[in-house]
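The block underneath contains the structure these notes are about, expressed in structure tokens.
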Amino acid sequence: MEAGINRQSKKELKRPLILASVMLGMFLSAIEATIVATAMPSIVADLGGFSSYSWVFSAYLLTNASTVLIFGKLSDIFGRKPIFVIGVLLFLLGSTLSGFSITMVMLIISRCIQGFGAGALMTIATTIVGDIYSKEERAKIQGYLSSVWGISAVTGPLLGGFFVDALNWRYVFWMNIPLGLLAVLGIILFLHEDIEKQKKPIDYAGAVWIIIAVSSLMLILVEGGVGIAWNSSFMILLIGVVIFGAIMFLYQEKRALEPMMPFSIWKYRIISVANLTSLTTGMILMGVSSYLPAFVQGVMGQTATVAGFTLTTMSIGWPVASTIAGRLLLVIGFRNTSLIGGVALVIGSFFFFTLSPDKGPVWAGIGSFFVGVGMGLTTTSFIVAIQSTIGWEVRGIATAANMFMRSLGSALGAAMLGGLLNGQIKTYIENNGLEKSVSVDSANSLLDPNLNTTLSDDVRLVLQEGLTAGLHVVYVGLLILATISLILILFMPKHE
């Protein structure tokens, strides 16, 4: 008998209804990547602060990444149900406040709260499915689960574009409220767990150290060379904090009775490779979803709806690939399925590497499609592989560790790529001697059709060239990350 949910209770559970509730919860977390990205140009045009553009994503991803491990651990102790409900309620609180934001700072703080809740959503949802389905069923069901990313990304850009063009960007956040309440109701009514009360210490110190290290690193990546000079004493202090925080986290995890990140699970090569690759694929995902709308609107001069469609193709590739992956896993195994996904990521990244204004939205859409295929194949393979390798008592934290690595990758990707983008725009402005009259925040005007017409031809040209050059550097980064991902997958064990 497994702890939590035994075989007898699995038969009695209304699994389709639990699965529907879980997928709805995942949908809320997943849709944030595309619906907010599509609305961001309008949000920035309304609230200002283009230099804080990446922080709207980074704030959400930072708190997501820093809490996903502790939520996974808590679910192993107290059960999946209460942690999932708490996660959804936190997410809805953050969504409500985001919609009422009147400044960029308020929005960033609200996104932090949203991220806290999201840390529980994806991890616990995936773990619940691992609990209530057998190994053979998991491959198929995890395919459906992974496809939530695709389904949400199909509707995300469309809804984002619709809200921006027809209503108001605030509805991007408020639409989460009724859906989140439905997910909570479904889990409360249909998921029944038999949990033995355990008194286990919780590794709060580990959570604190990882938050300190990751947030300091993100500040360096976003503001380095733009808001904070590389040779300043503050920058040196930040680098020291990152190193000290990382060392203390490793030390804490080795000495903790119940570590937040148990290094014992990393001894399985299939888990360690899956986690490292999730770090790089998370960066790729954020690079596409965060900055493609800015390219399509700011450089190509297209509408928010068109920008949304270029991300929609990623969502078409994702669910199709996830569903196929569920079947491929049982035929050719985790490694070969992941390898096909890795090749697709490289192909998609190459399309972005060669993207230019004259290529048009279709070229960008093709690149998005291949990235979606790659994400669908790899994420499904990794989760099923991990959950098939370990037992119930560590399944929550093992799943959380993989989610943490992807969330950490997304957070670092948003910060690092945002830093590269801001740095390039600043360089273009300085090279053209416009630093006294134009700043990085002036790029706001490119994303607002009304303000765009107020710019002089010279200033508009410099900003567009700076944005184009900056985004090209971002896409060079994507190609490098995709290549690294493919190389990492090659190290997965051949025999499973």
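Along the sequence shown, residues carry numbers from 1.
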Rounded to the nearest 0.5 Å, what separation is found between the [atom1] atom of [X] and the [atom2] atom of [Y]?
X    : Y    : atom1 : atom2 : answer
I480 : F353 : CD1   : CZ    : 9.0 Å
R111 : S95  : CZ    : OG    : 8.5 Å
I177 : F91  : CD1   : CZ    : 10.5 Å
I128 : M26  : CD1   : CE    : 10.5 Å
L478 : F350 : CG    : CZ    : 13.5 Å
S216 : L237 : OG    : CG    : 8.5 Å

Checklist entry - Can the ring centroids of W174 and F100 be said to lie less than 6.0 angstrom from one another? => result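 Yes, ring centres under 6.0 Å apart.
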Item to check | Ring centre gap for W209 and F244 strictly below 6.0 Å | outcome: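 When the ring centroids of W209 and F244 are compared, they turn out to be within the sub-6.0 Å range.
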Evaluate the side-chain proximity of [Y] to [X]: yes if any heavy-atom separation is below 4.5 Å, no if none is.
X    : Y    : value
I109 : V105 : yes
M235 : N231 : no
F370 : V346 : no
Q114 : S110 : no

Does any donor atom in the side chain of [X] or [Y] lie under 3.5 Å from an acceptor atom in the other side chain?
X    : Y    : result
T378 : T281 : no
T354 : W363 : yes
T127 : R80  : no

Please find the pair of heavy atoms, one from [X] and one from [Y], that lie closest to each other, and give the distance.
X    : Y    : value
A401 : I265 : CB-CD1, 3.9 Å
A274 : N402 : O-ND2, 3.6 Å
S368 : T310 : OG-O, 2.9 Å
L92  : N176 : CD2-O, 3.3 Å
G25  : A183 : N-CB, 3.9 Å
I284 : S349 : CG2-OG, 4.5 Å

Item to check | By ring pair (Phe, Tyr, Trp, His ring centres under 6.0 Å) - contacts of Y475 (at least two apart) | outcome: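 Here the qualifying residues are F352.
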Next on the checklist: Under a 3.5 Å distance rule, please check whether K359 uses its side chain to pair with a backbone N or O of A364 as donor and acceptor.
Outcome noted: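 Looks like no, no N/O pair under 3.5 Å.
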Item to check | Donor-acceptor under 3.5 Å (R406 side chain, L279 main chain) | outcome: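 Not at all, since once roles are kept as given, no pair shorter than 3.5 Å links the two residues.
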Next on the checklist: Go through it in stages, so that I can follow the logic: the residues are L285 and M314, the test is side chain to side chain contact (heavy atoms under 4.5 Å, CB included), and I'd like the CA-CA distance, side-chain angles, deciding distance and then a yes or no.
Outcome noted: CA-CA 10 Å; L285 177 64; M314 178 170 69; 3.9 Å; yes
Checklist entry - Would N275 and I386 count as a side chain to side chain contact (heavy atoms under 4.5 Å, CB included) if you check the C-alpha gap in whole Å, the side-chain angles of each, and the deciding distance to 0.1 Å? => result CA-CA 9 Å; N275 286 349; I386 290 168; 3.8 Å; yes
Item to check | Pair V56-I43, side chain to side chain contact (heavy atoms under 4.5 Å, CB included): steps then yes or no | outcome: CA-CA 10 Å; V56 176; I43 293 173; 5.8 Å; no
Next on the checklist: L97 vs I113, test: side chain to side chain contact (heavy atoms under 4.5 Å, CB included). Steps then yes/no.
Outcome noted: CA-CA 9 Å; L97 294 174; I113 298 172; 3.7 Å; yes
Item to check | For L24, the option from L179, L185, L181 that meets side chain to side chain contact (heavy atoms under 4.5 Å, CB included) | outcome: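 When L179, L185, L181 are each tested with L24, the side chain to side chain contact (heavy atoms under 4.5 Å, CB included) holds only for L179.
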Next on the checklist: Is the ring pair F173/W169 parallel, tilted or perpendicular, if the boundaries are 30 and 60 degrees?
Outcome noted: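 Plane angle over 60°, so perpendicular.
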Just list the side-chain donor-acceptor pairs under 3.5 Å for residues 156-164, sequence neighbours left out, or say none.
none

